[in-house]
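Before any comments, here is the structure.
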Amino acid sequence: MTPSETTSSFAHALPFGLSLLTVPLAWIGAVYGGWTVILMPAYVWWVVTGMDALIGVTLENADPDTPDDELQWYRMLTMIWFPVQAFTVFTLIGYVTHTDHLNLLETLALFFGVGVMTGSIGIVYAHELLHQSDRAERWLGDLLLANVLYSHFRTEHLLVHHVKVGTPEDAVTARYNEGFHRYFLRVLRDCPPSAWNAEKRRLARAGRPVWDHRNPFWRYAALQLGMLLLAALVGGWAGLGLFVFQAFVAVWQLELTNYIEHYGLTRKYLGDGRYEHVKPRHSWNAAHKVSNWMLINLQRHSDHHTKPDRRFPLLQTYGEDEAPQLPHGYPMMGLIALVPPLWRRQMNPRVRAWRRAHYPEIEDWTPYKTGVHAG
């Protein structure tokens, strides 16, 4: 069997459906309450990490030239996720607001888990969809982002992050020694205006004002308003509050992943406001098999930045000499990042080793953190 035939088979695509197991886990928590309300985050973080430890890594690469018509099972998975997620979120809101067997703590724990699902799976799937040229896929990506009230991520990711990654101009590139909690507040502050200004510049290049109907922020606002109204219609004020809560958790989960992906990795400054081109060395990768199934190969992050529209089953893994590797998959690294001293103990020596290996000529790294370069 050729690499292309292996990639296109249903059996090969099936493990990426691990994400679908979060739906019954959510309903078990909603119906039974008690300790079952933590099943979803426990599955996404701990069970997947445990399976990574048991099954290990994979360095296999699919044929990157596999045509789209041989990837139908993978595309189907990402395209069905919005209806699956939206149905789950809104029916759970309707259920818990019209029953009384869950106390407040159980309800909040349940919707914390929902946010872990909509953030670690929903936004990752949205990310995959938004990078494609197909209009239907991009719309599904927009709907997934609206479902967590983070629609500006599309603009910020496509127009800012992929252009400025690894430089001080990219808010999402975590600075060396920056703790996650401070990083999270910074990106919440900086990314929305950054996205707005990116669209403003794009429209200005076409001779259009920022208020032009082609500005996607109007679509973002309409979709998000629609989601809020539906949550209120289904669950009243309590339902609206639960919807906003899961959205906040989802954004927190997304930015936890963003924090990991480029922590401390910076492109060399060339002078006159220019930086070297993005290379595989500028993203943290993890070859752990099960977490890559769950996160649809997001951990092959260097190749994603090399070819952003490459579909997830075709993303390539690199050797450690080309792209830095993490000691664990993203779920476990996210848990470590929540404890900044532990994160620094794990990651700062790796960043310093990376600097020595790739940029021995740079002696002062302070400008790469402050963004103030001479010349």
Side-chain angles (χ1 to χ4, degrees), residues 2-19 48 52 55-79 81 120-134 137-138 140-141 144 153-154 157-158 161-163 165-166 172 254 257-258 260-263 265 277-326 328-331 333-334:
T2 67
S4 179
E5 288 170 337
T6 302
T7 301
S8 63
S9 70
F10 174 77
H12 196 269
L14 186 61
F16 290 98
L18 281 176
S19 55
V48 168
D52 269 345
I55 296 177
V57 303
T58 178
L59 303 178
E60 296 176 1
N61 287 320
D63 179 0
D65 296 321
T66 303
D68 273 8
D69 59 8
E70 294 184 21
L71 302 174
Q72 67 270 26
W73 294 113
Y74 302 94
R75 295 184 66 191
M76 184 181 299
L77 176 64
T78 56
M79 294 182 75
W81 185 256
S120 62
I121 298 169
I123 302 182
V124 170
Y125 281 35
H127 168 259
E128 169 75 11
L129 292 163
L130 291 171
H131 273 289
Q132 307 309 319
S133 58
D134 181 79
E137 288 177 290
R138 291 171 75 95
L140 287 168
L144 282 167
F153 173 77
R154 170 179 174 166
H157 186 77
L158 298 177
H161 176 63
H162 270 272
V163 178
V165 63
V172 176
L254 164 70
T257 303
N258 281 338
I260 295 164
E261 288 172 342
H262 303 283
Y263 175 79
L265 305 182
H277 290 300
V278 180
K279 297 185 170 86
R281 69 179 67 150
H282 296 122
S283 301
W284 288 105
N285 299 262
H288 300 79
K289 197 167 202 172
V290 179
S291 49
N292 267 315
W293 285 339
M294 174 68 74
L295 299 175
I296 55 173
N297 281 340
L298 183 69
Q299 299 174 147
R300 295 186 168 197
H301 207 62
S302 289
D303 199 48
H304 169 66
H305 274 274
T306 299
K307 191 168 177 55
D309 61 348
R310 178 171 284 163
R311 292 191 181 273
F312 76 86
L314 307 184
L315 290 172
Q316 308 290 290
T317 193
Y318 294 83
E320 196 158 5
D321 57 330
E322 290 183 90
Q325 301 293 318
L326 293 166
H328 311 286
Y330 283 7
M333 295 307 297

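Start at 1 with the first residue, then count along the sequence.
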**Criterion side chain to side chain donor-acceptor pair (under 3.5 Å) against Arg300, the qualifying member of Asn61, Thr306, Thr317** =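 Going through Asn61, Thr306, Thr317 one by one, the side chain to side chain donor-acceptor pair (under 3.5 Å) with Arg300 is satisfied by Asn61 alone.
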
Please examine the side chains of [Y] and [X], heavy atoms only from C-beta on, and report whether any two atoms are closer than 4.5 Å.
X: Leu158; Y: His131; answer: yes
X: Phe312; Y: Phe16; answer: yes
X: Leu298; Y: Thr257; answer: yes
X: Ile121; Y: Met294; answer: yes
X: Arg138; Y: Leu129; answer: no
X: Ile260; Y: Leu326; answer: yes
X: Pro313; Y: Leu71; answer: yes
X: Tyr330; Y: His301; answer: yes

Which atoms form the tightest heavy-atom contact between [X] and [Y], and what is the distance?
X: Leu314; Y: Ala62; answer: CD2-CB, 4.1 Å
X: Ala11; Y: Pro15; answer: O-CD, 3.3 Å
X: Ala323; Y: Pro280; answer: CB-O, 3.5 Å
X: Gly122; Y: Trp81; answer: CA-NE1, 3.4 Å

Would you please say whether a donor-acceptor pair under 3.5 Å links the side chains of [X] and [Y]?
X: His162; Y: His157; value: yes
X: His12; Y: Tyr74; value: yes
X: Gln299; Y: Ser291; value: yes

**Message:** Using a strict threshold of under 4.0 Å (side-chain N to carboxylate O), is an ion pair present between Glu322 and Lys279?
**Reply:**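 Salt bridge between Lys279 and Glu322, a charged N being under 4.0 Å from a carboxylate O: no.
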
**Prompt:** Is a salt bridge present between Arg75 and Glu128, judged by a nitrogen-to-oxygen distance below 4.0 Å?
**Reply:**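 No.
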
**Request:** Verify side-chain contact (heavy atoms from CB on, under 4.5 Å) between Asp68 and Arg311, making sure each step is shown before the conclusion.
**Result:** CA-CA 8 Å; Asp68 273 8; Arg311 292 191 181 273; 3.1 Å; yes

**Message:** If the condition is salt bridge (charged side-chain N to carboxylate O under 4.0 Å, His left out), which residues does Arg310 pass it with, not counting sequence neighbours?
**Reply:**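 Salt bridge (charged side-chain N to carboxylate O under 4.0 Å, His left out) list for Arg310, sorted by chain: Asp303.
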
Between [X] (side chain only) and [Y] (backbone N and O only), is there a donor and an acceptor less than 3.5 Å apart?
X: His304; Y: Leu315; result: no
X: Asn292; Y: Ala286; result: yes
X: Asn297; Y: Leu295; result: no
X: Asp52; Y: Val290; result: yes
X: Trp284; Y: Tyr263; result: yes

**Item:** Check: His161 ring centre within less than 6.0 Å of His305 ring centre
**Value:**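 Yes, the ring centres sit under 6.0 Å apart.
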
Gap separating the [atom1] atom of [X] from the [atom2] atom of [Y], nearest 0.5 angstrom:
X: Leu18; Y: Leu77; atom1: CG; atom2: CG; answer: 10.0 Å
X: Gln132; Y: Thr78; atom1: CD; atom2: OG1; answer: 8.0 Å
X: Tyr125; Y: Ile296; atom1: OH; atom2: CD1; answer: 5.5 Å
X: Ser9; Y: Leu14; atom1: OG; atom2: CG; answer: 9.5 Å
X: Ser283; Y: Glu261; atom1: OG; atom2: CD; answer: 7.5 Å

**Request:** Show your working on salt bridge (charged side-chain N to carboxylate O under 4.0 Å, His left out) between Glu60 and Lys289 and close with a plain yes or no.
**Result:** CA-CA 10 Å; Glu60 296 176 1; Lys289 197 167 202 172; 5.5 Å; no

